[in-house]
Amino acid sequence: MIETNVSRRHHETFLQVIQSYYQLTKPRIIPLLLITTAGSMWIAAQGQVDPVLLLVTMAGGTLAAASAQTINCIYDRDIDYDMERTRHRPMPSGKVQPRDALIFAIALAVLSFTLLTVFANLLAALLAFSGIIFYVLVYTHWLKRHSTQNIVIGGAAGAIPALVGWAAVTGTLSWSAWLIFAIVFLWTPPHFWALALMIRDDYAKVGIPMLPVVEGNQATVKQIWYYTLITVAATLLLVYPLHSSGIVYAAIALSLGAIFIRKSWRLLHNPEDRTTARELFLFSISYMMLLCLGMVVDSLPLTHHLVNAVISQLHLVS
């Protein structure tokens with residue numbers, strides 16, 4: 001435990017306490033996890049998702065992700081204190097004590113499991129809970145501080161919400177569910193390595209073996225390029241051979257993929273340019289959100305009706 005004067009600070013108001021616990025959950029990360037859950041749910045439900053089930057699944061997923069991130073904050077409080085950009089987080093600043101944060105994380109996990117079990121199904125609950133375990137034990141404890149493949153393997157934790165969404169709707173896992181999982185899994189390395197290029201010095205300072213720190217920028221941008229190509233190719237498998245999505249999704253996936261590839265290509269030829277890395281990182285967030293939105297729009301009955309109407313008109317004209 002970090003013994004500093006700052007660790008003895010006390011909150012002045014109840015609102016500050018709430019804010020500190022809220023910050024423990026790293027709330028900026030959670031919306032991206034939820035959008036992958038939504039995309040998976042809409043495809044599984046063929047565009048007709050039960051609003052109550054959607055709300056329950058989103059709430060359960062939020063609680064599970066918040067629990068995992070809180071435990072991550074507890075475990076990483078030593079390196080968070082050493083890095084300037086994270087020094088003022090609730091744990092290293094002493095605003096929340098480790099024991100209290102752990103109780104909070106356990107409560108969130110229990111609420112998530114209970115909510116999903118009662119209102120969705122046991123498979124969805126078990127998958128969400130497995131995401132917490134994988135993120136904490138495999139990524140945070142085992143990989144993050146010991147392997148350059150931390151983000152690659154650890155990316156599975158961020159891809160599990162797609163499985164949770166599918167399972168909540170169907171009670172099973174199909175090839176399409178696993179493909180959406182794979183898309184998020186493959187997308188994670190170029191997304192996170194772009195960020196790692198931007199804050200490489202911070203990771204080097206605390207001895208975290210992120211790929212840019214160990215292998216250098218040139219090797220990292222090559223890996224980003226390869227993973228980007230594979231990710232874009234994987235997105236199209238939902239159209240063929242799985243036939244889970246149609247022409248609207250295909251057009252969106254191809255358009256977004258072309259931009260993703262172009263930005264990755266620019267970074268490949270400018271490995272030391274942090275501005276280019278930042279552009280790729282920010283776009284990668286939009287890429288995943290818009291891709292999942294494309295899944296939702298494509299799955300809607302109205303979209304199918306409009307596409308069929310257009311095709312019929314084209315047939316009449318021809």
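Model, not experiment: these values are computed from the prediction. In what follows, every heavy atom counts, from backbone to side chain, and hydrogens, waters and symmetry copies are set aside.
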I'd like to know whether L306 forms a side-chain contact (heavy atoms from CB on, under 4.5 Å) with V310, so could you lay out the CA-CA distance, the side-chain angles of the two residues, the decisive distance to 0.1 Å, and finally the verdict.
CA-CA 6 Å; L306 291 175; V310 170; 5.5 Å; no
request  = Tell me, yes or no, whether the heavy-atom count around R266 atom CZ, taken from other residues, nucleotides or ligands under 6.0 Å, exceeds 12.
outcome  = no
Is there a chain of hydrophobic side chains (I, L, V, M, F, W, Y, each step under 4.5 Å between heavy atoms) that links L290 to F281? yes
Salt-bridge test for R145 and D78: reply yes if a basic N is under 4.0 Å from a carboxylate O, no otherwise. yes
Is any side-chain heavy atom of K144 closer than 4.5 Å to one of I79?
yes
* Asked: Is there a side-chain contact between S299 and M295, using heavy atoms and a 4.5 Å cut-off?
  -> no
Heavy-atom closest pair (A156 atom, F181 atom, distance to 0.1 Å) is O-CE1, 3.6 Å
Is the F260-W187 ring centre distance short of 6.0 angstrom?
no
Check for me, please, whether V184 and L293 land in the same ILVMFWY cluster - side-chain distances under 4.5 Å, paths through other members count. yes
So if you build clusters from Ile, Leu, Val, Met, Phe, Trp, Tyr with side-chain heavy-atom gaps below 4.5 Å, do V49 and F119 land together?
no
side-chain contact (heavy atoms from CB on, under 4.5 Å) test vs P189 passes for just one of T220, L211, V152, I224, namely V152
Point to revise | Main-chain N/O of Y22 paired to T25 side chain as donor or acceptor, under 3.5 Å | key: yes
- prompt: Would you call V56 and V118 a side-chain contact if the rule is heavy atoms closer than 4.5 Å?
  reply: no
Please lay out, stage by stage, how L163 and W166 fare under the test side-chain contact (heavy atoms from CB on, under 4.5 Å). CA-CA 5 Å; L163 298 181; W166 194 283; 5.8 Å; no
In terms of heavy-atom contacts, L267 and D273 come closest through CD1-O, 4.2 Å
Note to self: Measuring only between side-chain heavy atoms, which start at C-beta, is T303 closer than 4.5 Å to V307?
What the structure shows: yes
Working for side-chain contact (heavy atoms from CB on, under 4.5 Å), residues R200 and L197: CA-CA 5 Å; R200 172 184 170 179; L197 287 170; 5.8 Å; no
**OP:** Please lay out, stage by stage, how L54 and W42 fare under the test side-chain contact (heavy atoms from CB on, under 4.5 Å).
**Re:** CA-CA 9 Å; L54 175 65; W42 251 276; 3.6 Å; yes
- Message: Counting C-beta onward and ignoring hydrogens, is there a side-chain heavy-atom pair between F129 and L116 closer than 4.5 Å?
- Response: no
Distance col, row S245:OG vs I180:CD1, nearest 0.5 angstrom, shows 7.0 Å
- Query: Taking the side chain from S264 and the backbone from I261, do they hold a donor-acceptor pair closer than 3.5 Å?
  - Reply: no
Next on the checklist: For Y287 and F283, take the angle between the two ring planes, folded into 0 to 90°, and tell me which bin it lands in: parallel under 30, tilted 30 to 60, perpendicular over 60.
Outcome noted: tilted
Of all heavy-atom pairs linking Y139 and Y135, the shortest is CB-O, 3.4 Å
Could you check whether any side-chain N or O of K263 sits under 3.5 Å from a backbone N or O of E279, counting only pairs where one atom can act as donor and the other as acceptor? no
Query - Minimum side-chain heavy-atom gap M91-V96 below 4.5 Å - result: yes
Within the supplied structure, the quantity of interest is the number of heavy atoms (other residues, nucleotides, ligands) at a distance under 6.0 Å from Q149 CD; does it exceed 12? yes
Shortest non-hydrogen pair, G47 vs L300, comes out as O-CD2, 3.7 Å
The residue among L34, L33, I30 that forms side-chain contact (heavy atoms from CB on, under 4.5 Å) with M58 is L34
Review point. Any donor-acceptor pair under 3.5 Å linking the side chain of N217 with the backbone of P271?
Key: yes
**Report entry** Cluster check V136, L108: I/L/V/M/F/W/Y, side chain < 4.5 angstrom
**Finding:** no
For H305, I'd like to know if atom NE2 has over 12 heavy atoms of other residues, nucleotides or ligands within 6.0 Å.
no
Open item on the list: A quick test of your reading: do over 12 heavy atoms of other residues, nucleotides or ligands sit less than 6.0 Å from OH of Y75?
Closed with: yes
Rounded to the nearest 0.5 Å, the OG1 atom of T172 sits from the CG atom of N121 at a distance of 9.0 Å
Between the CZ atom in R77 and the OG atom in S93, the distance rounded to the nearest 0.5 Å is 12.5 Å
The reported gap from CD1 in I247 to CG in L254 (rounded to nearest 0.5 angstrom) is 10.0 Å
With a 4.5 Å limit on heavy-atom distance, are the side chains of V138 and H141 in contact?
-> no
Open item on the list: Parallel, tilted or perpendicular: which one describes the rings of H269 and W265, with boundaries at 30° and 60°?
Closed with: tilted
One should read off an interatomic distance between Q23 CD and Q19 CD, to the nearest 0.5 angstrom, of 4.5 Å
Using side-chain heavy atoms (C-beta onward) and a distance below 4.5 Å, is Q16 in contact with K95?
no
For Y249 and T235, the nearest pair of non-hydrogen atoms, with its separation, is OH-O, 2.8 Å
H304 and D298 have their tightest heavy-atom pair at NE2-O, 2.9 Å
Notebook entry, point to check: Has Y226 got more than 12 heavy atoms of other residues, nucleotides or ligands less than 6.0 Å from its OH?
Noted result: no
Problem - Donor-acceptor contact present, side-chain T70 to main-chain A66, <3.5 Å - result: yes
OG1 of T228 to NE2 of H191, rounded to nearest 0.5 Å, is 12.0 Å
- Message: Under a 3.5 Å distance rule, please check whether T57 uses its side chain to pair with a backbone N or O of G165 as donor and acceptor.
- Response: no
### L122-M41 co-clustered via ILVMFWY side chain contacts under 4.5 Å
no
